[in-house]
Amino acid sequence: MSEDETAVDAVMDLQLDRAHSARMYDYYLGGRTNFTADREAVGRVMAVFPAALVAARANREFMHRATRFLAGSGMRQFLDIGTGIPTSPNLHEVAQRVAPECRVVYTDNDPIVLAHAQALLCSHASGRTAYAEGDVTDPEAVLSTAALRDTLDLDRPVALSLNALLHFVGDDQGAHKIVEHLKGALASGSTLAISHATWEFAPEAMERVAEVYRSAGTRLHFRSREEISRFFDGWELIEPGIVPSSKWRPDDPDDAANVTDIEAACFAGVARKL
Ligand SMILES: C[S@@+](CC[C@H](N)C(=O)[O-])C[C@H]1O[C@@H](n2cnc3c(N)ncnc32)[C@H](O)[C@@H]1O
């Protein structure tokens, strides 16, 4: 760690001496909220999977398109778990650009995301956008926060986003049960958007990526398409179903063609509760 980083860490206890997934993702996306340990870990990921930056951007663009599509189809409440460090445009900006009355609650368990929550919400002091610190492995606690209850009406449809989140939650932590719990709390007409890293397109490279994350202190759980599709069980998949992230309703077919499935490295889909 540099002297500056040691000083920041002493004040905020952000564990800057080890890589964090939120800060690594920020670095992939070209952000500035990342530190030496994060950048070194990204360097090791890039050595075994050079398309990591393309994958991160394709994932973020899926979030933009899915949010625009859902707000355009009438969704007015959004719950985004595993929000990440703000990267413009953020989900509330995309949704509220379509319909300013959209209400958005963000949740993450990383202290640096909390530290940036103010920046995330600065343009939205109107009560339509809120941040609740929370860990998805305790879904009931996430659903019970005052910020969520004050902002969203769970008796009405909610668009739940779990983007690039569930590959940080193991089967031993009950990943599928957690998602079922969240789905069960939502009204009919609610939607679920998921993007999720998979080993299917490049098994050896993903094994090596997982090893880099493991050595940096983060467990990654790549899943097959079949395992990812089980998160949507019981809800109706919206066209085109579960596809590589760049192929989910691309704005321009050339955008999708420019990213191979190996580069995308994630499946993505959106489903609706009947
Ligand atoms: C790769 S980022 C994805 C950010 C954003 N959802 C996107 O797709 O652009 C993953 C985020 O999930 C958060 N995260 C990881 N495990 C979590 C957990 N158990 N509960 C809540 N958030 C978690 C990390 O802190 C990080 O900010």
Side-chain angles (χ1 to χ4, degrees), residues 14-15 18-31 33-34 38 41-42 45 52-68 78-95 104-117 119-120 131-143 145 147-148 159-179 181-182 192-198 209-210 212-213 216-222 245-246 248 264-270:
L14 296 173
Q15 301 181 314
R18 72 174 189 85
H20 265 224
S21 62
R23 302 188 304 239
M24 288 174 69
Y25 185 66
D26 176 75
Y27 190 48
Y28 292 133
L29 292 179
T33 311
N34 49 74
D38 309 307
V42 167
V45 170
L53 304 190
V54 179
R57 285 178 194 150
N59 172 70
R60 191 75 185 169
E61 284 162 13
F62 161 72
M63 181 279 276
H64 296 159
R65 295 194 304 278
T67 304
R68 215 180 307 124
F78 291 79
L79 171 57
D80 180 45
I81 308 180
T83 297
I85 292 162
T87 304
S88 187
N90 295 290
L91 189 148
H92 72 282
E93 295 163 315
V94 177
V104 179
V105 172
Y106 290 117
T107 298
D108 203 288
N109 70 345
D110 191 314
I112 204 154
V113 178
L114 173 67
H116 282 267
L120 182 69
Y131 182 86
E133 191 174 24
D135 194 311
V136 76
T137 59
D138 187 352
E140 193 48 43
V142 168
L143 293 167
T145 60
L148 187 150
L160 172 64
S161 317
L162 306 174
N163 290 328
L165 168 70
L166 293 167
H167 45 244
F168 296 111
V169 184
D171 291 342
D172 56 340
Q173 292 170 287
H176 285 86
K177 254 179 136 170
I178 289 167
V179 175
H181 189 119
L182 293 167
L192 171 63
I194 291 178
S195 61
H196 193 304
T198 183
V209 169
V212 173
Y213 273 82
T218 298
R219 286 193 311 151
L220 261 183
H221 309 268
F222 292 104
S245 52
S246 56
W248 195 90
C266 284
F267 280 113
V270 181

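When a ligand or atom number is given, it counts from 1 through the structure's own listing order. Numbers here simply count residues along the sequence, with the first being 1. If you're wondering where the values come from, they're calculated on a predicted model, not measured in any experiment. Every heavy atom of this structure was used, including side-chain atoms; hydrogens, water molecules and symmetry mates were not.
Asp108 OD1, 2.7 Å is the protein heavy atom nearest to atom 25 (O) of ligand 1. With respect to atom 7 (C) of ligand 1, the closest heavy atom belonging to the protein is Tyr25 OH, 3.4 Å. The single protein non-hydrogen atom nearest to atom 20 (N) of ligand 1 is Val136 N, 3.0 Å, given as residue, atom name and distance. Looking at atom 8 (O) of ligand 1, its nearest protein heavy atom turns out to be Asn59 ND2, 2.9 Å. Here the heavy atom of the protein found nearest to atom 18 (C) of ligand 1 is Asn109 ND2, 3.3 Å.
Between Ser195 and ligand 1 there is no heavy-atom distance shorter than 4.0 Å. The shell of residues lying under 4.0 angstrom from ligand 1, judged by heavy atoms, excludes Val169. Remark: distances from the non-hydrogen atoms of Met63 to ligand 1 are all 4.0 Å or more.
If you check each of Ser245, Ala56, Ala175, Gly82 against atom 4 (C) of ligand 1, the one with the closest non-hydrogen atom is Gly82.
Considering backbone and side-chain N/O of Ala164, none are found under 3.5 Å from N/O of ligand 1. The N/O atoms of Asp80, backbone and side chain alike, include none that comes under 3.5 Å of an N/O atom in ligand 1. In terms of polar-atom proximity, defined here as any N/O pair under 3.5 Å, Leu165 makes no such contact with ligand 1.
Within ligand 1, the atoms closer than 4.0 Å to a non-hydrogen atom of Ser21 are 24 (C), numbered from 1 in the order shown.
Proximity of Asp135 to ligand 1, defined as any heavy-atom pair under 4.0 Å, is shared by backbone and side chain alike. Contacts with ligand 1 closer than 4.0 Å are made by no heavy atom of Thr107, backbone or side chain.
A side chain to side chain contact (heavy atoms under 4.5 Å, CB included) with Val179 is found for exactly one of Leu160, Val169, Val136, Leu166, namely Leu166.
In this structure, CD1 on Ile81 lies 4.5 Å from CG on Leu79, to the nearest 0.5 angstrom.
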